[in-house]
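Worksheet for the structure shown next.
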Amino acid sequence: MPLRFFNTYSRQIENFEPRDATGRKVDIYTCGPTVYSRAHIGNFRAYVFEDLLQRHLELRGYKVHRVMNITDVDDKTIRSARESGIPLTESTAQFKEAFFEDIETLRIKPADEFPAATNQRYIDKMIEMIAILISRGLAYQAEDKSVYFRINKFPGYGKLAHFDLTQLQSTGRVKHDEYDKEHIGDFALWKAWDEEDGDVGWESPWGRGRPGWHIECSAMATALLGDEIDIHCGGVDNIFPHHEAEIAQTEGVTGKKFVRFWLHCAHLLVDGQKMSKSLGNFYTLPNLLEKGYTGREIRYALMRVHYRAPLNFTWDGMNEARESLGRIDDWLVRLRETADEEKKLVGTAQRATPTSEFEEALDDDLNISAALGFLFESIRETNRAIDRNELDAAAANAWLEWWQRANSVLTIEEEAGPPPPEVAELAEARTQARLAKDFPKSDELRDKLNALGWEARDTKDGQKITRRAGA
RNA sequence: GGCGGGGUAGCCAAGUGGUAAGGUCGCGGUCUGCAAAACCGCUAUUCGCGGGUUCGAUUCCCGCCCCCGCCUCCA
C-alpha cells in the first residue's frame with residue numbers, strides 16, 4: 001500500500017509521491033517557533049507530529065531533508081525584548097536555547113536546518129522577492145511606507161483555506177495602524193519602521209523596516225529547498241492566513257506550484273479549549289517535568305491521538321501514557337529474557353513472527369491509533385505465549401527486531417540505566433530478608449525502594465527491580 | 001454569517017455495508033507469604049439526534065443538534 005496523506009489543499013487523502021524521480025528524497029518545510037517566550041506543549045504537538053511524519057518516511061526508506069524556521073523578529077519578539085529591557089537578539093537567543101532543550105526532551109529529531117529570519121542572507125532574499133512582487137503589480141507600498149501584498153491580483157488566493165475573499169470578515173484583531181491597505185485582506189510583506197521597533201530594522205528599497213511574518217517562510221523555504229517542495233506542515237491555525245500568504249508570495253515570484261502536500265495538525269485543547277498563550281491555559285515542558293513526568297511520557301501523550309483530531313490535554317491522559325509505556329517496558333524486559341534463554345517449548349506461539357501491520361497503519365495518513373493497537377495486541381499475545389512457554393529465543397528476537405523498527409518511529413523506549421548504589425543495597429538486603437523468610441522486613445524494604453522510585457517484584461527467578469515510570 | 005475538524009464504553013480511541021481493535025480505569029480469577037507484573041474472565045444489543053436507501057448502516061444519502069478551531073498574532 002502506498003503512503004497516503006490528507007492534503008489540506010484538496011481536502012482529500014492522496015497517495016504520496018515525492019518529486020524526486022527515484023522516489024527517495026523528500027523535502028519538508030515546517031513552521032517553527034516564534035521565540036518570544038517558552039513554547040507550550042500545544043506548540044510541541046505540532047512538532048511531535050512532524051517528527052512522527054519524518055521518522056515514518058525514513059522507516060519507509062525515504063531520505064528526508066527537513067527545514068524548520070525560527071521566527072526571531074516580529075511584533076511579539078520585539079515586545080518581549082522591550083519588556084525585558086534587553087536587545088532583541090539576546091531575548092530571542094534564550095528562547096531558542098529553551099526550544100532546543102525542549103525538542104531534545106521530547107526526542108524530536110532536529111531538522112537539518114533551522115534558519116532564522118534575521119539572518120542577512122534571508123533578509124536579502126525577502127527583499128529580492130518583494131521587489132519582484134512589486135514589479136509584477138502583486139504588491140504595493142502604501143501611505144504608511146509598508147509594503148503589502150495585493151491579494152486581488154493573485155487569482156488563487158483563498159484556495160488553500162477555501163475562503164471566498166468577499167466573505168472575509170474582520171474579527172477586530174486587525175491592527176488599526178494598517179488602514180492604508182487597499183483591501184482588508186492585503187498582508188504586510190515589509191513593515192515600515194516605527195518607534196516601538198527601537199533599533200530593530202533593516203535598510204530596504206522602501207526604507208528602514210522589518211519583514212512581514214509570511215514572507216520569511218517563503219524566502220527561507222525557497223532559499224534552502226528550492227521553488228517547489230514536497231511537504232509543508234504546521235498547525236491548522238496556520239492555514240489562514242499564513243500558509244495562504246506563503247503560496248501567494250512564493251508562486252507570485254516563481255510561477256511554480258510551491259507545495260505538493262499541505263499537512264496540518266489539529267489543536268491541543270485544555271478543558272475543551274485551544275491551548276494558547278493568550279488564553280493563559282498552557283503548560284510548558286518544564287511545568288510537566290516538575291510534576292514528575294518524563295519527556296517520553298509527554299511525547300507519547302502528544303502522539304497517541306491522530307494528528308488531525310483535536311487532543312484534549314488532561315492529567316488522566318498523562319497517567320494513561322505512563323501506564324501504557326510501563327506495559328511496553330515490562331514487555332521488552334520479558335522479551336529480552338526470553339531471547340537469552342534456551343527453553344524447552346511446550347507449543348508454538350500463534351504469533352511467532354511479527355507482521356507489517358504497524359507500518360501499514362502509519363502508511364494510512366499516520367494512523368497512530370491503529371498502529372498502537374497492533375503493538376498492544378502483539379504485546380498481549382507474545383506475553384501469553386511466554387506465560388505458556390510457547391515462545392522461543394528466535395521468536396523473541398524476531399519481535400525485538402520488529403520493535404526496533406517500530407521504535408525508530410515511536411521513539412518511546414525507556415533509557416534504562418543501572419540502579420544507583422543505595423537502591424542496589426536495599427535490593428540486596430531485601431533478597432537476604434526474603435531468604436530468611438523475614439517478610440515484615442522484606443515489605444519494609446520494598447516500601448523504601450518504592451519511595452526511591454523503584455519497584456521490587458518477586459518472580460520465580462528471584463527478585464527483580466524496575467524503575468517506576470515517572471518517579 | 002463563511003470555511004474546516006470532531007461527536008464510538010467512566011476516560012482516551014481505531015474501524016468496516018453484514019451485527020464494534022486497542023489503551024486506561026474498575027470488578028472477579030490464576031500466580032504470590034502478601035504484593036507487583038503477566039495471563040484469563042466481566043464491563044457499548046450499541047456508535048450525537050431524526051429521516052431515507054438497503055435483505056442489512058455506526059459505516060452511504062438528506063436534514064438537524066452539540067463541541068472546537070480559522071476568517072489577517074497563533075502550532
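Note that these values count all heavy atoms, side chains included, but never hydrogens, waters or copies made by symmetry. The sequence lines fix the lettering, A, B, ..., with proteins before strands; numbering per chain opens at 1.
- In this structure, B:A57 makes no Watson-Crick or G-U wobble pair, since no nucleotide meets both defining distances under 3.5 angstrom.
- Contact annotation for A:L269: backbone-only contact, meaning every heavy-atom pair under 4.0 Å involves sugar-phosphate atoms and none involves a base.
- Rounded to whole Å, the C1' atom of B:G2 lies 32 Å from the corresponding atom of B:C12.
- Across B:G23, B:G22, B:A38, the shortest atom-to-atom separation from the side chain of A:S324 is found for B:G23.
- Of the P atoms belonging to B:U8 and B:U45, the separation is 14 Å, rounded to the nearest Å.
- Residue A:A456 is classed as a base contact, given a heavy-atom separation below 4.0 Å to a base.
- Rounded to whole angstrom, the span from the CZ atom of A:R308 across to the P atom of B:A13 amounts to 14 Å.
- No engagement by A:I386 is indicated, since no non-hydrogen atom pair under 4.0 Å with the nucleic acid exists.
- Listed by first and then second residue, the salt bridge (Lys or Arg N to Asp or Glu O under 4.0 Å) pairs involving residues 267-289 of chain A are A:D237-A:K274 (not counting sequence neighbours).
- Looking at heavy-atom distances under 4.0 Å, A:D443 makes contact with a base.
- Not a single donor-acceptor pair, N or O on each side, falls under 3.5 Å between the base of B:A38 and the side chain of A:R334.
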Please tabulate, one pair per line, each protein N/O and nucleotide N/O from nucleotides 7-12 of chain B that are separated by under 3.5 Å, including the distance.
| from | atom 1 | to | atom 2 | distance (Å) |
| --- | --- | --- | --- | --- |
| B:C12 | O2' | A:R304 | NH2 | 2.6 |

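- Side-chain atoms of A:K76 lie closest to B:C73 of the nucleotides B:A75, B:A38, B:C73.
- Atom CG of A:L372 is separated from atom P of B:G22 by 13 Å (rounded to the nearest Å).
- Counting only heavy atoms from C-beta on, A:E455 has its side chain closest to B:A36 among B:A38, B:A36, B:G69.
- In this structure, A:F439 counts as stacked on the base of B:G33 under the 5.5 Å centre distance and 30° plane angle limits.
- Rounding to whole angstrom units, CG of residue A:D461 and C1' of B:U32 are separated by 14 Å.
- The CD1 atom of A:I13 sits 16 Å away from the P atom of B:G4 (whole-angstrom rounding).
- Taking a pair to require two hydrogen-bonding distances under 3.5 Å in either a Watson-Crick or a G-U wobble arrangement, B:G33 remains unpaired.
- Under 4.0 angstrom from either OP1 or OP2 of B:C70 there lies at least one side-chain N or O belonging to A:K274.
- A distance of about 15 Å separates the C1' atoms of B:U24 and B:A14, rounded to the whole Å.
- Within 4.0 Å of A:H306, counting heavy atoms only, lie sugar-phosphate atoms of the nucleic acid but no base atom.
- The residue A:Y47 sits close only to the backbone: its heavy atoms come under 4.0 Å of sugar-phosphate atoms, none of a base.
- A:T8 comes within 4.0 angstrom of no nucleic acid atom, judged by non-hydrogen atoms across all strands.
- Between the side chain of A:R79 and the base of B:C73, no donor-acceptor pair under 3.5 Å is found.
- Between the P atoms of B:G6 and B:G29, the separation comes to 43 Å (whole Å).
- The P atoms of B:C73 and B:G15 are separated by 35 Å, rounded to the nearest whole Å.
- Checking B:G69, B:C40, B:C34 against every side-chain atom of A:V236, the shortest atom distance belongs to B:G69.
- Under 4.0 angstrom from either OP1 or OP2 of B:C39 there lies no side-chain N or O belonging to A:R388.
- Distances from the side chain of A:R457 to the nucleotides B:A75, B:A37, B:C70 place B:A37 closest.
- Pair assignment for B:C73 gives none, since no Watson-Crick or G-U wobble pairing has each distance under 3.5 Å.
- Taking atom C1' in both B:G17 and B:A57, one finds a spacing of 7 Å when rounded to whole Å.
- Legend: residues meeting side-chain contact (heavy atoms from CB on, under 4.5 Å) with A:E455, ordered by chain and number and at least two apart, are A:N450, A:R457, A:T466, A:R468.
- Between A:N383 atom CG and B:U30 atom P there is a gap of 20 Å when expressed in whole angstrom units.
- Looking at heavy-atom distances under 4.0 Å, A:R327 makes contact with sugar-phosphate atoms alone, never a base.
- Side-chain proximity of A:T34 to the nucleotides B:G69, B:C3, B:A75 is greatest for B:A75.
- Rounded to whole Å, the P atom of B:A9 lies 12 Å from the corresponding atom of B:U46.
- Of the candidate nucleotides B:A35, B:A37, B:C70, B:A37 has the atom lying nearest to any side-chain atom of A:D330.
- With distances taken from any side-chain atom of A:R434 to the nucleotides B:A75, B:A21, B:C34, the minimum falls on B:C34.
- Computed from coordinates, the A:H40 NE2 to B:A75 C1' distance equals 7 Å when rounded to whole Å.
- For the C1' atoms, the distance linking B:A37 with B:U59 amounts to 39 Å, nearest Å.
- You'll find that the side chain of A:F240 is closest to B:C71, out of B:G5, B:C71, B:G22.
- Put simply, NE2 on A:H243 is 13 Å from P on B:C71, counting in whole angstrom units.
- A:G234 comes within contact range of the sugar-phosphate backbone alone, with a heavy-atom separation under 4.0 Å but no base atom that close.
- Counting any heavy atom pair closer than 4.0 Å across all strands shown, A:H162 reaches sugar-phosphate atoms only and no base atom.
- Between A:N367 and B:G15, a side-chain N or O to OP1/OP2 separation shorter than 4.0 Å is present.
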